[in-house]
Chemist: 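Take this structure, written in structure tokens, and hold onto it; I'll ask about it next.
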Amino acid sequence: MKKHNFSAGPGILPQEVMEGAAKAVIELDNIGLSLIEISHRSTEFKAIMEEACYLALQLLGLEGKGYKAMYLQGGASLQFLMAAYNMLESKGGYVNSGTWSTKAIKEAKILGEVVELASSKDKNFNYIPKGYDIPTDLDYLHITTNNTIFGTQFKDIPQTDVPLVADMSSDIFSRPFDYSKFDLFYAGAQKNMGPAGVTLVVMKESAFNKVSRVVPSMMNYEAQANAGSMFNTPPVFAVYTVLLNLRWIAKNGGLAGVGTQNDKKAELIYNEIDRNPLFEGFANKEDRSNMNATFNLVDDAHSEIFDPLWNAANISGLKGHRSVGGYRASIYNAMPLASIQSLVDCMQEFEKKA
Ligand SMILES: *Cc1c(COP(=O)(O)O)cnc(C)c1O
């Protein structure tokens with residue numbers, strides 16, 4: 001029996017996406033060959049890559065607005081460095097809202113001056129910093145829109161004329177958002193978009209080639225975009241699975257459709273966290289993520305009662321990251337409301353037993 005999958009990443013995908021991907025591994029669209037044994041330069045795969053780029057931009061509201069979508073390798077972690085390679089000339093500004101921002105800052109420092117404009121480290125990253133000054137002489141301002149580990153999310157995009165760069169690994173395609181405010185954003189696929197092995201990068205064409213350093217071809221956004229994400233062999237299985245998921249999002253009302261569902265799902269879990277006296281939410285209420293709900297037991301010893309309950313209810317992947325402890329319910333696009341209801345039922349049963 002399929003489990004209720006609350007894994008933070010790689011995370012849940014729609015069942016029909018997995019079935020479509022599995023089918024294509026055996027045979028792609030009745031062509032007599034598998035998806036993973038044909039040339040990436042074949043007509044079939046070229047069409048897959050083109051649709052995956054087009055549909056990503058269309059869902060994000062960026063089609064025809066001077067942006068390029070690329071499917072690259074190396075994960076979001078390589079983008080920490082690659083973003084700086086392509087955009088850091090004199091000074092990059094960063095908001096440090098968690099573990100992934102901290103890593104992005106570390107990588108950018110290899111290439112130039114980095115200013116940490118604000119940080120929420122003082123409270124173990126349980127909030128999104130606000131009210132800091134953004135110098136006008138920055139090459140860019142980098143934010144992490146959703147902090148997967150701590151369960152916080154930017155609700156508003158910082159107001160600035162400085163080019164914006166964002167790591168959107170765990171909340172891309174989860175809500176309507178003004179993506180046109182960004183010059184560059186990236187997302188490892190394995191949270192809310194597809195399987196591990198591919199990273200979506202979206203960049204404004206006018207932001208290409210702004211630095212004086214020589215950027216190696218594989219790290220060069222313009223070279224990658226001009227090559228149609230086929231500068232080298234792309235991860236064909238991951239790209240195809242992402243495409244199936246993008247089609248699923250389109251079919252479910254696009255970002256407005258999944259966003260409405262995600263709001264309902266988040267409300268269900270957070271209402272229970274706030275109502276149930278045995279739990280406390282980890283993240284600041286106004287900064288709560290719609291993708292990763294973090295919460296702790298008021299009395300840690302109660303885990304002996306609560307853990308067997310949700311394990312018996314076929315719930316998987318609920319353990320919090322070690323830097324927060326407690327629990328993390330990752331409720332990505334594909335997570336059904338009914339799975340969250342099963343978790344809420346366990347929390348209520350636990351209240352009666354404890
Ligand atoms: C998981 C995650 C990363 C790291 O992604 P990789 O693809 O493993 O490099 C970076 N940023 C955020 C916000 C994440 O959730």
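When a ligand or atom number is given, it counts from 1 through the structure's own listing order. Excluded from the calculations below are hydrogen atoms, water molecules and symmetry mates; all remaining heavy atoms, backbone and side chain alike, are included.
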Chemist: Considering the heavy atoms of Gln190, write down every atom of ligand 1 situated less than 4.0 Å from one of them.
Modeler: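 Heavy-atom distances to Gln190 below 4.0 Å select 5 (O), 6 (P), 7 (O), 8 (O).
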Chemist: The test is side chain to side chain donor-acceptor pair (under 3.5 Å); show your working for Asn5 and Tyr332 and say whether it passes.
Modeler: CA-CA 10 Å; Asn5 182 10; Tyr332 298 122; over 6 Å; no
Chemist: How far is atom 11 (N) of ligand 1 from its nearest protein heavy atom, and which residue and atom name does that atom have?
Modeler: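 Looking at atom 11 (N) of ligand 1, the protein heavy atom closest to it is Asp167 OD2, 2.6 Å.
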Chemist: Which of the atoms in ligand 1, numbered in the order shown and given with their element, are less than 4.0 Å from a heavy-atom of Gly75?
Modeler: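 Going through ligand 1 atom by atom, the ones under 4.0 Å from Gly75 are 7 (O), 9 (O).
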Chemist: Tell me whether the rings of His142 and Tyr94 are parallel (<30°), tilted (30 to 60°) or perpendicular (>60°).
Modeler: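 Rings of His142 and Tyr94: parallel, as their planes differ by under 30°.
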Chemist: Centre-to-centre under 6.0 Å for Tyr67 and Tyr179, is that the case here?
Modeler: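 No, the ring of Tyr67 stays outside the 6.0 Å limit from the ring of Tyr179, centre to centre.
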Chemist: If you count the atoms of ligand 1 from 1 in the order shown, which ones are under 4.0 Å from a heavy atom of Asn146?
Modeler: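 Per the distance check, 13 (C).
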Chemist: Which heavy atom of the protein is the closest neighbour of atom 9 (O) of ligand 1, given with residue, atom name and distance?
Modeler: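 Minimum-distance protein heavy atom for atom 9 (O) of ligand 1 reads Ser77 OG, 2.6 Å.
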Chemist: Between Asp167 and Lys103, does at least one N-O distance fall below 4.0 Å, as a salt bridge requires?
Modeler: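 Looking at Lys103 together with Asp167, the answer is no, because their closest N to O distance does not fall below 4.0 Å.
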Chemist: Hey, are Lys130 and Asp156 close enough for a salt bridge, meaning a charged N less than 4.0 Å from a carboxylate O?
Modeler: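 No salt bridge links Lys130 with Asp156.
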Chemist: Identify, by atom number and element, the atoms of ligand 1 in contact range of Phe80, meaning under 4.0 Å from any of its heavy atoms.
Modeler: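 What qualifies from ligand 1 is 10 (C).
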Chemist: Looking only at protein heavy atoms, identify the closest one to atom 5 (O) of ligand 1 and say how far it is in Å.
Modeler: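 Minimum-distance protein heavy atom for atom 5 (O) of ligand 1 reads Ala76 CB, 3.5 Å.
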Chemist: Among Met291, Met168, Lys191, Gln73, which residue places a heavy atom closest to atom 1 (C) of ligand 1?
Modeler: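 Of the listed residues, Lys191 has the closest heavy atom.
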Chemist: Please confirm whether Tyr327 and Phe6 have ring centers closer than 6.0 angstrom.
Modeler: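 When the ring centroids of Tyr327 and Phe6 are compared, they turn out to be at least 6.0 Å apart.
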